[in-house]
Amino acid sequence: MLDFFTIFSKGGIVLWCFQGTGVTESFTGPVNALIRSVILQERSGNNSYTHDALSLKYKLDNEFELVFVVGFQKILTLTYVDKFIDDVQLHFRDRYKNELEQKGALTLLNSIFAFEDDFKMLLREAEESSKARGPTSMRSFNASLKSQKTVKSMIETKGGDKGKEQGGKKNKNAKKEAPAAEPVKGEKVKAPASAQKTVENGNQGLTQEEIIQKKREEFIRKRMGAPVEKPSKSPKPAKEKPKGKEKRVWTLGGSSTKELDYSQSNGNGAHAAGDQGLDAQADPGMQLSSMKGDLLAVDYESSEGDEEEEEGEDAVERVVVVDTSKKIPKKGAIGGMFGMLKGLVGSKSLSQEDMEPVLEKMRDHLIAKNVAAEIASQLCDSVAKKLEGKVMGTFTTVASTVKGALQDSLVQILQPKRRVDILRDVLEARSQHRPFVITFCGVNGVGKSTNLAKISFWLIENGFTVLIAACDTFRAGAVEQLRTHQRRLNSLHPPQDHGGRPVVQLYEKGYGKDAAGIAMEAIAYARNQAFDVVLVDTAGRMQDNTPLMTALAKLIAVNMPDLVLFVGEALVGNEAVDQLVKFNQALADHSMSDKPRLIDGIVLTKFDTIDDKVGAAISMTYITGQPIVFVGTGQTYNDLRSLNARAVVGALMKA
Amino acid sequence: MEDDIDVKAGENPFQPYLDALRNELEHQDPVFIIGIIFSLAVVVITFVLLKYFLSSKTVQSAVLLVGLCDSGKTLLFSRLLSGKFRKTQTSITDNSAPYKAKNEKGSSWTLIDLPGHDGLRPQYVEKFKSAARAIVFVVDSAIFQKEVRDVAEFLYFLLTDSAVSRNVPSLIVACNKQDITMAKSAKLIQQQLEKEMNTLRVTRSAALGTQDGSAGSSVHLGKKGKDFEFSQLPMMVEFLECSARGSKGENGQADIGSLEKSLAKL
């Protein structure tokens with residue numbers, strides 16, 4: 001039933017492989033995809049991966065530098081696979097210990113690993129043991145837990161979890177009386193679903209075989225690795241509908257564009273004073289009386305659903321923190337001293353308990369340096385997986401090994417996965433007689449327009465002509481800001497020096513118009529006038545503002561820019577994860593093609609405001625896998641840099 | 001008063017030992033003392049010399065197999081060392097083994113196969129570049145057209161590296177995968193790379209400095225004012241064709257004769 005099983009060294013040489021009967025495709029492709037997306041991107045926290053129709057599970061052996069990969073069809077759920085990989089690993093190591101222990105690849109190349117028979121035997125054993133457990137029969141309704149609960153305990157109220165816990169306590173009492181207390185007769189019986197429910201402490205009233213059944217199901221559930229689901233929402237006879245999220249109404253967005261049209265008062269020159277008067281009159285008056293009196297407090301109208309979610313998340317985080325703090329091993333004083341000495345001299349293989357305290361400290365250190373919390377924990381899990389079982393050399397402590405491995409992973413994450421050379425790509429586009437289009441997107445206030453100006457300065461210095469497309473048609477002053485930049489750039493590089501034509505031009509259509517349309521016209525104009533680069537400035541938008549995200553996705557899908565840059569500030573903390581995930585999600589959802597344009601690169605701004613809390617760089621590159629193309633370090637035109645991975649990791653790991 | 005007593009008590013335990021030592025030394029032959037000092041100095045000098053010689057032996061005794069991902073480095077490594085075909089996957093770490101060259105001297109050096117994946121490349125090159133006496137740059141000739149800019153960038157990065165321009169190892173560009181019909185010839189690859197490096201010289205020097213102020217390398221390739229050619233480089237550059245898989249499929253021989261000859265000349 002397995003499609004394939006390979007054992008290969010970390011250097012890439014396949015030591016032994018097995019291909020299931022009837023499987024003709026080579027497995028090299030999927031395994032390479034597994035290596036590139038999981039192991040090399042430091043996501044080896046969980047050990048399974050899906051690729052097309054195949055599901056792959058893998059295990060790293062760090063002592064002998066081997067990787068074990070098994071692949072099977074995604075639709076099959078084979079329960080014996082995890083244990084099977086472990087068995088195969090132990091067997092292989094024991095049998096070929098001599099060959100594997102030698103350093104150097106020569107022995108690996110020359111030896112033949114005839115593992116067929118052992119493998120077949122292990123596979124047979126695993127399959128038989130899984131069959132022996134047999135399918136569990138559904139419990140009848142009376143035997144299930146649900147019949148013993150009261151109706152009241154199952155009605156979901158606002159304090160949802162508390163209600164279920166009370167239901168558990170009531171459960172105990174109810175069972176003492178009789179199962180016939182208030183059986184919810186009319187309800188559907190979902191016996192397999194109840195098997196998945198978190199079983200509360202109602203063991204007392206059940207008979208012996210029911211206890212065995214329950215324990216068996218728990219075991220299966222643990223093997224399948226099913227996440228602990230919230231108690232399922234049974235079809236309630238409850239009166240109140242669960243309170244869903246109210247649709248958030250953005251006061252000034254998306255409803256009617258007429259109110260946003262300030263185009264009559266659009267100043268085309270430097271008459272600022274006169275314009276102010278015009279602006280005040282042209283204001284449609286919708287905002288005229290709304291600010292009278294005291295300022296209103298910030299209101300939380302739609303946040304009931306959000307509040308619950310936030311509480312749940314906080315609870316989960318708190319639970320996680322408590323659990324890990326419990327796991328810190330308590331070493332006795334003498335044992336600790338001997339352990340330290342043992343660790344210094346001789347070869348000692350790393351185990352999870354050894355690494356746990358060091359990883360804990362590293363995780364806190366990373367979080368203190370402004371890396372997003374979940375990314376820090378994923379990174380630490382991945383490093384633990386990479387180091388488990390590895391043999392340390394003499395005079396190396398656990399802390400130094402873990403730190404070294406973490407440093408390597410961080411440098412690897414920050415290294416760009418593809419070539420980053422904008423000037424070369426612009427030259428390529430110029431040779432094809434088309435403009436190179438760069439789009440800037442991001443949330444409000446991160447520095448899109450400022451960094452756009454810096455990038456156009458850099459491009460002009462290198463001899464390219466730039467067209468700036470003002471697709472921010474919402475924020476007051478956005479077009480004027482870009483016009484000011486254009487004028488300053490043109491004065492710094494006057495047209496006389498560059499062949500008589502201005503190096504920067506602004507393409508704008510005022511306020512209130514559709515951004516995607518302006519972008520399309522700007523690109524067509526650039527093609528006609530033979531501009532080298534088009535820089536498209538968009539309005540800042542929050543990542544959960546759906547209409548605006550749709551508009552952005554439409555702009556990108558319709559215009560197909562060469563580079564989509566996400567502008568993020570270095571001050572952001574855990575928000576970075578949310579922003580990038582939602583931006584990518586929106587771009588993927590709203591594009592028509594099957595290969596959607598996602599974020600291609602990141603611009604990290606306000607880098608001069610953080611000293612060495614450079615964790616935002618790690619969060620952003622880890623989430624998207626895309627490189628950091630520019631780093632903004634100030635507000636003048638010269639403050640544009642590229643990223644030096646080693647320096648950033650050095651600042652990050654500094655105590 | 002009490003302090004004086006304390007001080008005296010402190011000195012007293014050591015005083016007899018110090019006196020005894022001084023007496024001993026005075027009684028001994030001065031030659032003996034000189035002998036002790038001399039032997040200590042010899043030990044120290046031996047350590048220093050050993051370290052120097054050992055390290056100099058490892059310097060420049062390795063040949064690196066570098067290239068982009070999927071260009072066939074690990075298979076080439078296997079063929080060169082054992083002649084056999086092995087299935088390979090993307091390498092996560094390096095492979096190294098001693099290699100006996102096929103020349104009359106029978107010289108042997110270390111052959112190191114570095115991973116080509118973009119995330120790992122820089123750290124491994126950093127680790128092994130100073131030990132390289134020759135670099136074999138493996139190119140996938142079949143998909144070269146699509147990858148030409150990436151290949152050129154990696155080659156540029158190698159050639160402008162400070163350690164490489166100091167040690168001047170010889171460069172062999174092995175155009176691999178010649179068994180595929182669409183493979184480009186070595187001459188064509190050379191011309192394309194020269195054109196691309198020409199452009200890269202301009203764009204790379206105009207690239208932005210890094211955020212901590214460290215500038216990129218300032219090595220200028222080739223001659224200023226003239227188009228870039230590989231013959232202008234200070235090191236020996238050779239382009240050759242090879243096929244690690246071999247024209248007869250997995251069980252046949254690999255077509256790496258020219259590569260072995262070049263390696264023998266090192």
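Here is the naming used below: chain letters follow the sequence lines, and residue numbers restart at 1 for every chain. The model shown is predicted, which means the values in this text are computed figures rather than measured ones.
- Using a 4.5 Å cut-off between heavy atoms, B:Ser78 contacts chain A through both its backbone and its side chain.
- Cation-pi contact between A:Arg641 and A:Phe607: absent, since separation from the ring centre below 6.0 Å together with deviation from the ring axis within 45° is not met.
- For a residue to count as touching a neighbouring chain, one of its non-hydrogen atoms must lie under 4.5 Å from one of that chain's; by this rule B:Leu200 touches chain A with the side chain only.
- We find that B:Lys129 and B:Glu126 are joined by a salt bridge, their nearest charged nitrogen and carboxylate oxygen being less than 4.0 Å apart.
- Aromatic ring pairs are classed by plane angle as parallel below 30°, tilted from 30° to 60° and perpendicular above 60°; the pair A:Trp16 and A:Phe18 is parallel.
- Chain B forms more heavy-atom pairs under 4.5 Å with one residue of A:Val426, A:Thr6, A:Asp421, A:Leu427 than with any other, namely A:Asp421.
- With a 4.5 Å cut-off on non-hydrogen atoms, B:Glu153 touches chain A through its side chain but not through its backbone.
- Using a 4.0 Å cut-off between charged side-chain N and carboxylate O, B:Lys177 and B:Asp140 make a salt bridge.
- Closest approach of B:Ser96 and B:Thr110 over heavy atoms only: CB-CG2, 4.4 Å.
- Residue A:Val420 touches chain B through its backbone alone, counting heavy-atom pairs closer than 4.5 Å.
- Taking the charged nitrogens against the carboxylate oxygens, B:Asp70 and A:Arg36 do have a contact shorter than 4.0 Å, which makes a salt bridge.
- Listed options B:Gln89, B:Arg121, B:Arg86 were ranked by heavy-atom pairs under 4.5 angstrom with chain A; first place goes to B:Gln89.
- With a 4.5 Å cut-off on non-hydrogen atoms, B:Thr199 touches chain A through its side chain but not through its backbone.
- Listed options B:Ile92, B:Thr90, B:Val202 were ranked by heavy-atom pairs under 4.5 angstrom with chain A; first place goes to B:Thr90.
- For A:Asp408, the parts lying near chain B are the backbone and the side chain together; criterion is any non-hydrogen pair under 4.5 Å.
- Between chain B and the residues A:Ile35, A:Leu423, A:Asn32, the most heavy-atom pairs under 4.5 angstrom are made by A:Asn32.
- The most heavy-atom pairs under 4.5 Å with chain B, out of A:Arg646, A:Glu65, A:Glu428, come from A:Glu428.
- A ring-centre distance under 6.0 Å is found for A:Phe457 and A:Tyr637.
- A search for side chain to side chain contact (heavy atoms under 4.5 Å, CB included) contacts involving A:Asp425 returns A:Arg419, A:Phe436, B:Arg149, not counting sequence neighbours.
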